[in-house]
Amino acid sequence: MDLLKANIRKLYYSYLLSAFGSAVIACVYSFVDAAVIGKYLGPDGASALAVVAPFWNIIYSLGLLLGVGGGVIMSKLKGESLDNKEQENEYFTVSIIYSIFLSILMYIMIFCFDKQILFFFGAKDEKIMQLALEYLKPIKFVFPLFLYNQMLGSFLRNDNNPLLATIAVLAGGVFNIVGDVIFTFTCNMGIFGSALATTIGACITFIIMLIHFFTKKNTMKFTIVKSFFKKIWDISKVGFSSFFVDLAMGILTILFNNQIMRYLNDAALSVYAILINITTFVQCCAYAVGQASQPIISTNYGAKDSKRIKETLKYCLYSLSFVSFIFLILTQSYPNMFTYMFMTPTDEVLQIAPKIIRIYSISFILLPINIFASYYFQSILKNKIAFFISTFRGLILSAILIMTLPLINSKLLWYAMPITEIITTIISIYFIIYYTKKININEDNTDK
């Protein structure tokens, strides 16, 4: 479909369907692992996944850094002129080389310092540490594929092949679901079996995505790069906000894990493991809206068509409101539905979970708009405000609240994210309105 001329409503929902499918199935990886391991091992299994969760945030955030950063620039170049093909391929080439370099660093870290990292992530209990190490055994060997899959999915969407990205993630996700049950329960492989299913699922997704490069739709190829390090900086600058949104979830998980073990107990940590999975799903829905709109907004921003940008924004806000409403209703009305979904709970967990989930989930009504805001500002190359929103929400304000609220009362810890999202939403909405009004078809609003 022509991003510059096709009907915006049809175009947006077509991209949303593909992006939503990819994002939701990607969440299935962690969802199914959490549910299966929680049923097999109970609260200890859920706690082990809570301390492993930051690994996923780090690797996925790196994929977003390269995929969104390179993809936004590529789409803007497409919108500006058909003669920019060489520059587009230069940014694609830099992204691939950059990803290989980051993969090598990740390999070194996870193979040499796994115990130290897990302890830092909150694995203070020896049993939880051993379960977490067992889970990482097969994943270590293909860890970079999770980065590549996130990055390639973004490039495929920007190269007019969102359907293949969805099919790839769907195929890997389906195998992960079936493999989780078979390996964990039927083969009695426990937490190792669940991780093995996730590993093979990632391999399947990667192989299918590679098909794009052998099709007629593909416009990306390796080329000689001019100003290599400048292009690395361009990609990092544009993709940083999406990178930090996911990385921040990992940082917050580390802070929560340590604060929970300091002020509360293992039962509270297992409840937080449930919240991690729900939050991940809400974030994935917001990612889908951001990823669906990004190629449309970026391309039309390059073409300086403000009307199409504003119309796309309207449909994004409709989608985000729907997601917020659904998750708020479910978590407020049926909190223990999620408890039973992700583990075989103890009496203590069943007693404390409803109140914790209801308090924390207030944040879900506002989280989607704050996640999307970073995508929107990146898409129109307002990198400074995108950087500010993502770091203020994901690190500064939230970290301060997580560290200080328990000093007043340990139970106030669960109010940290609702307060964070309320304050961030006020700022996000102000700047969305401000920059949307400033978009003009006769004016290049790129950050100076």
Side-chain angles (χ1 to χ4, degrees), residues 1 3 11 14-16 18-23 25-26 59-80 82 84-103 144-172 202 204-223 225 228 231-232 234-243 246 287-288 290-299 301-302 375 378-379 381:
M1 298 179 75
L3 296 177
L11 185 63
S14 172
Y15 269 74
L16 180 63
S18 296
F20 187 77
S22 296
I25 296 300
I59 200 69
Y60 284 137
S61 66
L62 291 173
L64 288 170
L65 173 73
L66 303 176
V68 174
V72 167
I73 295 172
M74 192 170 79
S75 288
K76 181 176 180 291
L77 290 170
K78 284 180 185 289
E80 287 177 344
L82 295 176
N84 286 333
K85 183 53 62 184
E86 186 64 26
Q87 286 190 65
E88 293 172 31
N89 284 324
E90 286 186 38
Y91 279 103
F92 170 70
T93 302
V94 170
S95 295
I96 297 297
I97 296 172
Y98 198 1
S99 70
I100 293 171
F101 171 73
L102 292 174
S103 297
L145 289 188
F146 296 96
L147 185 161
Y148 300 148
N149 289 343
Q150 191 81 339
M151 177 187 68
L152 288 175
S154 182
F155 271 108
L156 263 58
R157 281 186 289 273
N158 282 280
D159 204 29
N160 202 29
N161 201 357
L163 180 60
L164 182 63
T166 301
I167 292 171
V169 177
L170 180 62
I204 292 171
T205 297
F206 179 70
I207 291 169
I208 294 175
M209 283 191 179
L210 291 180
I211 293 173
H212 173 75
F213 298 96
F214 301 95
T215 66
K216 292 181 179 180
K217 283 188 175 183
N218 177 46
T219 66
M220 300 180 291
K221 64 179 181 180
F222 290 105
T223 188
V225 178
F228 182 83
K231 287 182 170 59
I232 285 182
D234 290 342
I235 291 169
S236 300
K237 183 173 63 174
V238 175
F240 180 83
S241 296
S242 291
F243 157 78
D246 219 61
Y287 291 160
Q291 291 168 4
S293 61
Q294 179 266 305
I296 304 170
I297 293 174
S298 296
T299 302
Y301 183 76
Y375 275 92
Q378 285 173 301
S379 298
L381 296 182

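- Annotation for Ser95 and Gly70: closest pair OG-CA, 4.1 Å, computed over non-hydrogen atoms.
- Below 30°, between 30° and 60°, or above 60°: for Phe146 and Tyr60 the angle between ring planes is above 60°, a perpendicular geometry.
- Taking CG of Asn89 as the reference point, atom OG1 of Thr219 lies at 6.5 Å (rounded to 0.5 Å).
- When all heavy atoms of Ala171 and Ile208 are compared, the closest pair comes out as CB-CD1, 3.4 Å.
- Using cut-offs of 30° and 60° for the angle between ring planes, the Phe206 and Tyr148 rings count as tilted.
- Taking all atoms of both residues into account, the shortest heavy-atom contact from Lys221 to Thr93 is O-OG1, 3.7 Å.
- Contact check for Leu11 versus Tyr15: side-chain heavy atoms found under the 4.5 Å cut-off.
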**Pair Lys217-His212, side chain to side chain contact (heavy atoms under 4.5 Å, CB included): steps then yes or no** = CA-CA 7 Å; Lys217 283 188 175 183; His212 173 75; 4.2 Å; yes
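- Between Phe92 and Phe213, the distance separating the two ring centers is shorter than 6.0 angstrom.
- We find the CE-CD1 distance between Met74 and Ile235 to be 11.0 Å, quoted to the nearest 0.5 Å.
- Nearest heavy-atom pair, Ser99 versus Ile96, reported as atom, atom and distance to 0.1 Å: OG-O, 2.6 Å.
- In this structure, Phe240 has its ring center under 6.0 Å from that of Phe243.
- The line from CG of Leu210 to OG1 of Thr205 is 11.0 Å long, rounded to the nearest 0.5 Å.
- Here the CG-CG distance, from Leu163 to Leu170, works out to 10.0 Å after rounding to the nearest 0.5 Å.
- In terms of heavy atoms, Ser379 sits closest to Ser298 at O-OG, 3.3 Å.
- One distance of note links CG of Leu64 with CD of Gln291; it measures 6.5 Å at 0.5 Å rounding.
- Proximity of Val169 to Met209: side-chain heavy atoms (C-beta onward) are separated by under 4.5 Å at one or more points.
- Inter-residue side-chain proximity for Val94 and Asp234 is flagged as unmet; no heavy-atom pair is nearer than 4.5 Å.
- Taking CG from Leu145 and CD1 from Ile207, the interatomic distance works out to 8.5 Å, rounded to the nearest 0.5 Å.
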**Message:** Set out, in order, the CA-CA distance, both residues' side-chain angles and the distance that settles side chain to side chain contact (heavy atoms under 4.5 Å, CB included) for Leu147 and Leu66, then state yes or no.
**Reply:** CA-CA 9 Å; Leu147 185 161; Leu66 303 176; 4.0 Å; yes
